[in-house]
Amino acid sequence: MSGITDINLDRRSFVRGALMLGAASPFLLSACSSGSDSSSGGGGSGAGGDVNWLTWSDHYSNDQLAKVASSTKITGRPKLFSDNADAFLQLKQTGPQFDMVSADALWVKKYMESGLIEPFDLASISSSSELYSMAKNFAFLNDPKGALGYPFSWSTVQIYYNPDKVKNPPTSWESLTDPAYKGLIVAENIPTDLMAIAGIATGSKSPYALTPDQISSASNFLGALKPNLVKLASQNNEIVTMMASGEAAIGISNLGTDVRVKDAGGPALKSAYPPEGTIGFIDSEMITAKGANKPLVKPFLDAMQKSEWIVQNFTTNWRPLFNEAAAKILTNDPKTADNAKRLFMDNPEKALAMTLKGPAQDQQAYTEAFNKVFGA
């Protein structure tokens with residue numbers, strides 16, 4: 001696979017990325033339980049109950065949820081979203097209906113500034129002892145009052161393609177607008193991030209702080225890309241399914257998509273790292289400020305984040321995570337060592353230089369520009 005292992009990442013560009021930070025319906029949960037009197041630490045869960053969780057599909061597995069429920073009496077009830085902006089609005093509108101929420105990088109500070117999450121003592125979750133030390137010190141995940149999020153995984157976003165169906169490989173973001181790719185491309189339905197990618201494709205160095213003229217250029221780029229999109233996927237795993245089945249031949253996706261497609265019985269993909277640059281995520285789990293079952297979040301997280309589950313998550317989703325204990329298991333196993341090293345499971349420092357995902361400086365303008373192309 002070309003391109004990925006040659007990414008040039010450094011702390012200075014990480015700082016530049018961080019400095020770039022400058023309509024959903026309420027979800028009514030049908031199975032909310034009342035909170036218990038259990039400890040909020042990383043220990044037992046007392047009487048148990050539910051943790052209602054806004055997240056992505058690659059943050060858990062159903063068998064993991066079942067076994068954690070069996071051992072802790074805490075049932076995780078995930079509700080999926082695609083765009084961080086959508087999750088933010090849902091939590092703002094629904095208040096105590098969610099106890100935990102996942103978010104990418106610079107979105108975490110926005111949640112905190114809006115009073116939607118609360119800091120916590122990371123060390124009180126015993127599984128955090130398995131984390132890489134650097135993952136505990138991200139500025140955007142920490143506050144004088146405590147940790148804002150439990151660091152989970154990271155990845156750059158790049159292009160994957162099926163060489164059997166794409167005879168002229170894409171070489172850049174701009175190349176994806178080639179009419180030869182009509183109906184071949186799939187990407188996640190994340191308006192803010194697609195606008196950011198479009199900004200990078202049209203020359204912006206601050207993709208989450210586009211000026212009005214740059215927003216117009218980004219919208220024009222998406223307009224040129226639209227005929228080539230077979231679908232905007234609701235979750236990343238849908239991209240894998242479509243690439244494996246042949247429904248799509250080019251995917252804008254996370255690290256490890258090639259392995260996931262191969263595991264799903266699909267073709268051997270190749271990758272292209274856009275020379276214009278790209279975006280990436282460092283995601284985390286946050287405790288909501290008003291969650292009805294908030295005391296259950298820490299014991300739930302403690303059980304969910306143990307290395308055995310992180311190993312399983314990596315070998316299912318094949319993008320790096322921040323659990324050092326899991327990384328050691330994976331790199332010492334001949335069956336997984338090559339992919340663990342190739343996909344940076346043992347090198348979390350690589351995460352420090354991405355142009356981090358975050359809220360747009362003018363979120364409304366980004367949303368309106370995206371909707372102008374793809375409809376509200």
So, [X] versus [Y]: side-chain donor-acceptor pair below 3.5 Å or not?
X: Asp263; Y: Trp318; value: yes
X: Gln90; Y: Thr94; value: no
X: Glu174; Y: Ser172; value: no
X: Asn236; Y: Ser253; value: yes
X: Asp302; Y: Ser127; value: yes

Donor-acceptor contact below 3.5 Å, side chain [X] vs main chain [Y]:
X: Glu188; Y: Leu194; answer: no
X: Ser114; Y: Leu116; answer: no
X: Asn293; Y: Leu296; answer: no
X: Ser71; Y: Lys67; answer: yes
X: Ser204; Y: Leu210; answer: no
X: Thr278; Y: Val157; answer: yes
X: Gln64; Y: Tyr60; answer: no
X: Lys262; Y: Pro267; answer: no
X: Asp362; Y: Ala365; answer: yes
X: Asn137; Y: Ser133; answer: yes

How long is the straight-line distance from [atom2] of [Y] back to [atom1] of [X], given to the nearest 0.5 Å?
X: Leu255; Y: Thr257; atom1: CG; atom2: OG1; answer: 8.0 Å
X: Asn339; Y: Thr331; atom1: CG; atom2: OG1; answer: 12.5 Å
X: Leu222; Y: Ser217; atom1: CG; atom2: OG; answer: 11.0 Å
X: Leu80; Y: Ser57; atom1: CG; atom2: OG; answer: 6.0 Å
X: Leu232; Y: Asn189; atom1: CG; atom2: CG; answer: 5.0 Å
X: Lys226; Y: Asn228; atom1: NZ; atom2: CG; answer: 12.5 Å

Should the pair [X]-[Y] be classified as a salt bridge under the 4.0 Å nitrogen-to-oxygen rule?
X: Asp121; Y: Lys298; result: no
X: Glu118; Y: Lys294; result: yes
X: Arg77; Y: Asp50; result: yes
X: Lys341; Y: Asp346; result: no

Q: Could you tell me how the ring of Phe88 sits relative to the ring of Tyr111: parallel (under 30°), tilted (30 to 60°) or perpendicular (over 60°)?
A: perpendicular
Q: Fit a plane to each ring of Trp154 and Phe344, take the angle between them on a 0 to 90° scale, and name the class: parallel (under 30°), tilted (30 to 60°) or perpendicular (over 60°).
A: parallel
For a 4.5 angstrom cut-off between non-hydrogen side-chain atoms, does [X] reach [Y]?
X: Trp56; Y: Asn84; value: yes
X: Leu131; Y: Gln305; value: no
X: Ile125; Y: Phe120; value: yes
X: Tyr208; Y: Asp193; value: yes
X: Ile282; Y: Met354; value: yes
X: Val108; Y: Ser284; value: yes
X: Met304; Y: Leu65; value: yes
X: Tyr366; Y: Pro191; value: no

For the residue pair [X] and [Y], what are the closest heavy atoms and their distance?
X: Ser102; Y: His59; result: OG-ND1, 3.5 Å
X: Pro151; Y: Gly149; result: CD-O, 3.5 Å
X: Ala85; Y: Gln363; result: CB-NE2, 3.9 Å
X: Pro119; Y: Leu148; result: CG-CD2, 3.9 Å
X: Pro163; Y: Ala268; result: CD-O, 3.3 Å
X: Ser307; Y: Glu130; result: N-OE1, 2.8 Å

**Q.** Evaluation steps, salt bridge (Lys or Arg N to Asp or Glu O under 4.0 Å), between Asp258 and Lys270
**A.** CA-CA 7 Å; Asp258 56 336; Lys270 292 187 177 181; over 6 Å; no
Q: Sort out for me which residue in Lys110, Lys290, Met112 forms a side-chain contact (heavy atoms from CB on, under 4.5 Å) with Ile117.
A: Met112
**Q.** Sole candidate of Leu301, Ile287, Asn52 that passes side-chain contact (heavy atoms from CB on, under 4.5 Å) when paired with Met100
**A.** Leu301
Q: Would you sort out whether Phe221 and Trp173 count as a ring pair (Phe, Tyr, Trp, His ring centres under 6.0 Å), showing the intermediate values?
A: CA-CA 10 Å; Phe221 172 84; Trp173 293 125; 8.0 Å; no
**Q.** Step-by-step side chain to side chain contact (heavy atoms under 4.5 Å, CB included) determination, Arg319 to Asn313
**A.** CA-CA 9 Å; Arg319 48 82 182 90; Asn313 191 288; 2.7 Å; yes
Q: I would like to know whether Phe370 and Phe374 meet ring pair (Phe, Tyr, Trp, His ring centres under 6.0 Å); could you show each step before the answer?
A: CA-CA 6 Å; Phe370 181 88; Phe374 295 103; 4.7 Å; yes
Q) Asn162 and Ile250: side chain to side chain contact (heavy atoms under 4.5 Å, CB included), yes or no, with the steps? A) CA-CA 6 Å; Asn162 179 351; Ile250 300 173; over 6 Å; no
**Q.** Centroid-centroid distance, Phe152 to Phe322, less than 6.0 Å
**A.** no
Q.
Evaluate Gln312 against Asp63 for side-chain hydrogen bond (donor to acceptor under 3.5 Å, both in side chains), listing each step before the verdict.
A. CA-CA 11 Å; Gln312 183 192 83; Asp63 65 324; 3.2 Å; yes
Q: Begin with the C-alpha distance, continue with both residues' side-chain angles, and end with the deciding distance and a verdict on side chain to side chain contact (heavy atoms under 4.5 Å, CB included) for Leu330 and Thr315.
A: CA-CA 9 Å; Leu330 290 160; Thr315 56; 3.8 Å; yes
Q | Lys328 atom NZ: more than 12 heavy-atom contacts under 6.0 Å | A | no
Q | Exceeds 12 heavy-atom contacts within 6.0 angstrom, atom CG of Asp338 | A | no
**Q.** Stepwise side chain to side chain contact (heavy atoms under 4.5 Å, CB included) test for Trp53 and Glu285
**A.** CA-CA 9 Å; Trp53 179 19; Glu285 312 294 3; 3.3 Å; yes
